[in-house]
Trainee: 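Following this message is one structure expressed as structure tokens.
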Amino acid sequence: MYISRLALDHFRSWEHCVVDFAPGVNILHGANGLGKTNIVEAIEVLSTGSSHRTSSALPLVERGFTSATIRANVGESAAIETRTEPDADDEAARADGKANDHLHTTTYEATIAARGANRARINGGSSLYMRDIVGRIPSVSFTPEDQRLVTSDPAMRRRFLDQAGALLIPGYMNRLQTCTRIAKQRAALLKQLERAEGDTNAALSGLEIWTGQFIEAGIALTADRNSIIDSLSEPFAAIYDRLAGDRLAGDKAADDGESAVDKAAIDDEYQTAHKARLVYEPSFAEVLGDSNGDAPAAISRHFQRIYPGEVARGLNLIGPHRDDMALELEGMPAREFASNGEMWTMALALKMALFEVVVRTSGVTPIVILDDVFAQLDETRRGQILDFAAAQQQVFITVAARSDIPDFNGLGDSGKGLGGGLGSAGLNGDEAFDGTANTNIIDVAQLKADSHDGNDQLIAQLQAMRGGGEA
């Protein structure tokens, strides 16, 4: 699967934009402020239904407009559209080094409303909910903000869980939206009770109904998030160990004045120094705790205990909107005890684990987005992430200057660098690119100029895409 063309209409800083991509590496270079991150952010929104940069749709829409449109022509195999998991014949073909190269193009369109519901279309067809196309173009983004998955407040980690859920669990976005809507209704009633004078029976009756629905929806969402973390935990720990081991080996080589170190020769302290773990911390702890098998009743009693506080503050004091995911290192909270480098390694491992689980559960290789990450990483971690990216079917990289463009020569077989074939997940040997042979370099400044100078032509291309064709 790969995106062959992306078109934006009133998305952030882009009034109109049409850009062609290729399989392999696509590098967008240009000065800060030109909108290169906005281009890859649009791919993330189309893929997961949300952006890591904002929790609302309003910033995604160009100022002065009511909506933005994202359209993408996606080349995909027939097998991807008709089923979500590869069958035995597919696995046998992969083992024999044969790939189903029968691809067709599907146009996915998302309309992002500044206020109100987002909508979607496939091949210019009937209007759909945005959630109906989420996850059909799986992607995993690596960004400068990734370290904040360890250090920031729980909202950022919940956003990661929600994006992961959109990619991994059918119906997750629907359950998330249902729970969010009920939470808003319940909070509105709590505010009404806070201001109420006189008879409050009607509001109390409504609160009881909404509380029951909130418990039901929250339990379903909690179970989903617990499943996500269960799926990610093992690959996260294993990938962290490999990444940390590679770095420790490099450090020891430098200390010893050697060019390379056999991992088997690394001291025990190097092999056992780091143990990373993900821990789900649900607000509805009764779902996973000892509730004698009756979580709804236990949560209901919890709500009864905190009712005065909720009314006084006009807020839902418990619920999935207060969930968190803790990252631990050697049994200690990483946000408090890990070094800056260890936090970056954990963030990289978390994103790579998500990639691995998407491949394993869907049989589809996600698009990889590397948004201005190299300036944040030291040489070892830059090499690790380039190793990972070099084996994937399609990669988008943003850099501020042409001189920052990474050299992919010698990285074609780089999956081995992380062990376990992670880097080549979901690929045949001849699907990975080598060197710069498949590198598509895009000058964003020129793209910006073209978008201003050729609006009539761009609009014609956008209209062609809306009809499901490729101009």
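The shown structure was predicted, so the numbers you read here are calculated from the model rather than taken from an experiment. Residue numbers run from 1 in the order of the sequence given.
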Trainee: Can you establish whether the number of heavy atoms outside Glu234 located under 6.0 Å from its atom CD is more than 12?
Mentor: no
Trainee: So which atom in Ala244 and which in Thr345 form the shortest heavy-atom distance, rounded to 0.1 Å?
Mentor: N-CG2, 4.2 Å
Trainee: Might you work through the side-chain hydrogen bond (donor to acceptor under 3.5 Å, both in side chains) test for Asn73 and Thr107, ending with a clear yes or no?
Mentor: CA-CA 4 Å; Asn73 288 341; Thr107 300; 2.5 Å; yes
Trainee: Are the side chains of Leu149 and Met156 in contact, using a 4.5 Å heavy-atom criterion?
Mentor: yes
Trainee: Indicate yes or no: at least one non-hydrogen side-chain atom of Ser55 is less than 4.5 angstrom from one of Arg159.
Mentor: yes
Trainee: Flag the pair Arg158 and Asp323 as a salt bridge only when some basic side-chain nitrogen lies within less than 4.0 angstrom of an acidic carboxylate oxygen.
Mentor: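 Result for this pair is no, no salt bridge flagged.
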Trainee: Side-chain contact test, heavy atoms from C-beta onward, threshold under 4.5 Å: evaluate it for Leu350 versus Met325 and give yes or no.
Mentor: yes
Trainee: Is the shortest heavy-atom distance from the side chain of Ile39 to the side chain of Leu6 under 4.5 Å?
Mentor: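 In contact.
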Trainee: For Tyr280, does the six-membered ring have the charged nitrogen or CZ of Arg225 within the cation-pi criterion, i.e. under 6.0 angstrom from the centroid and within 45° of the normal?
Mentor: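 Ring-cation test returns no.
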Trainee: Excluding sequence neighbours, so at least two apart, what forms salt bridge (charged side-chain N to carboxylate O under 4.0 Å, His left out) with Asp324?
Mentor: Arg157
Trainee: At their closest point, which heavy atom of Pro235 faces which heavy atom of Val357, and how far apart are they?
Mentor: CG-CG2, 3.8 Å
Trainee: Please list, chain by chain and in numerical order, all residues satisfying ring pair (Phe, Tyr, Trp, His ring centres under 6.0 Å) with Phe337, sequence neighbours excluded.
Mentor: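 Testing Phe337 for ring pair (Phe, Tyr, Trp, His ring centres under 6.0 Å), a comparison that skips the adjacent residues, returns none.
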Trainee: For the residue pair Phe21 and Phe396, categorise the inter-ring angle as parallel (less than 30°), tilted (30 to 60°) or perpendicular (more than 60°).
Mentor: perpendicular
Trainee: Salt bridge check, Asp371 against Lys36: does any charged N sit closer than 4.0 Å to a carboxylate O?
Mentor: no
Trainee: If only side-chain N and O atoms count, and only distance matters, is there a donor-acceptor pair under 3.5 Å linking Tyr108 with Asn123?
Mentor: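 Their side chains do not contain a donor-acceptor pair, so the 3.5 Å distance test is not met.
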Trainee: Restricting to non-hydrogen atoms, name the atom on Gly35 and the atom on Ser13 that form the minimum distance, rounded to 0.1 Å.
Mentor: CA-OG, 3.9 Å
Trainee: Who pairs with Glu44 by side chain to side chain contact (heavy atoms under 4.5 Å, CB included), at least two apart in sequence or on another chain?
Mentor: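 Side chain to side chain contact (heavy atoms under 4.5 Å, CB included) check on Glu44 returns Glu41, Thr48, Ser51, His52, Ser141, Gln163.
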Trainee: When you measure from the side chain of Asn174 to the backbone of Gly171, do you find a donor-acceptor pair of N or O atoms at a distance under 3.5 Å?
Mentor: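 No; zero donor-acceptor contacts below 3.5 Å.
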Trainee: Do Leu232 and Leu354 make a side-chain contact, defined as non-hydrogen atoms from C-beta onward lying under 4.5 Å apart?
Mentor: yes
Trainee: Please examine the side chains of Tyr2 and Ile367, heavy atoms only from C-beta on, and report whether any two atoms are closer than 4.5 Å.
Mentor: no
Trainee: Does the side chain of Ser127 come under 3.5 Å of the side chain of Arg119 through a donor N or O and an acceptor N or O?
Mentor: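 On atom types as modelled, these side chains qualify, holding a pair under 3.5 Å.
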Trainee: Minimum heavy-atom separation for Ile137 and Met1, please, with both atom names.
Mentor: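 Between these two residues, the closest heavy atoms are CA-SD, 3.9 Å.
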Trainee: Strictly distance-based, threshold 3.5 Å: is any side-chain N or O of Glu330 a donor or acceptor partner for the main-chain N or O of Lys275?
Mentor: yes
Trainee: Say whether, by atom type as modelled, one donor and one acceptor occur between the side chain of Ser67 and the main chain of Ile112 under 3.5 angstrom.
Mentor: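 No; zero donor-acceptor contacts below 3.5 Å.
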Trainee: Can you name the closest pair of heavy atoms from Leu243 and Ala349 and give their distance?
Mentor: CD1-N, 3.9 Å
Trainee: Look at the side chain of Gln394 and the backbone N and O of Gly24, then say whether any donor-acceptor pair between them is shorter than 3.5 Å.
Mentor: no
Trainee: Are Ser227 and Asp224 close enough that a side-chain donor and a side-chain acceptor fall under 3.5 Å?
Mentor: no
Trainee: Does Glu109 pair with Arg71 as a salt bridge, N-O distance under 4.0 Å?
Mentor: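 Yes, this pair counts.
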Trainee: Hey, are the side chains of Thr111 and Asn118 touching, using non-hydrogen atoms and a 4.5 Å cut-off?
Mentor: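 Not touching, per the 4.5 Å side-chain cut-off.
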Trainee: Excluding sequence neighbours, so at least two apart, what forms side chain to side chain contact (heavy atoms under 4.5 Å, CB included) with Ala445?
Mentor: Leu34, Asp443
Trainee: Quick test of your reading of the model: are Arg381 and Asp378 salt-bridged, counting only N-O distances below 4.0 Å?
Mentor: yes
Trainee: Ignoring hydrogens and geometry, is there a side-chain-to-backbone donor-acceptor pair from Arg148 to Ser152 under 3.5 Å?
Mentor: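 Checked: no pair found.
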Trainee: May I ask you to decide if Tyr129's main-chain N or O and Asp132's side chain share a donor-acceptor pair within less than 3.5 Å?
Mentor: yes
Trainee: Would you find a donor on one side and an acceptor on the other, under 3.5 Å apart, between the side chain of Ser47 and the backbone of Ser139?
Mentor: yes
Trainee: Does Ala237 have any side chain to side chain contact (heavy atoms under 4.5 Å, CB included) partners at least two apart in sequence or in another chain, and if so, which?
Mentor: none
Trainee: Which residues pass the side chain to side chain contact (heavy atoms under 4.5 Å, CB included) test with Ala114, sequence neighbours left out?
Mentor: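 Partners of Ala114 by the side chain to side chain contact (heavy atoms under 4.5 Å, CB included) criterion, ordered by chain and then number, come out as Leu58, Val61.
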Trainee: Using side-chain heavy atoms (C-beta onward) and a distance below 4.5 Å, is Val25 in contact with Asn440?
Mentor: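 No; the side chains remain at least 4.5 Å from each other.
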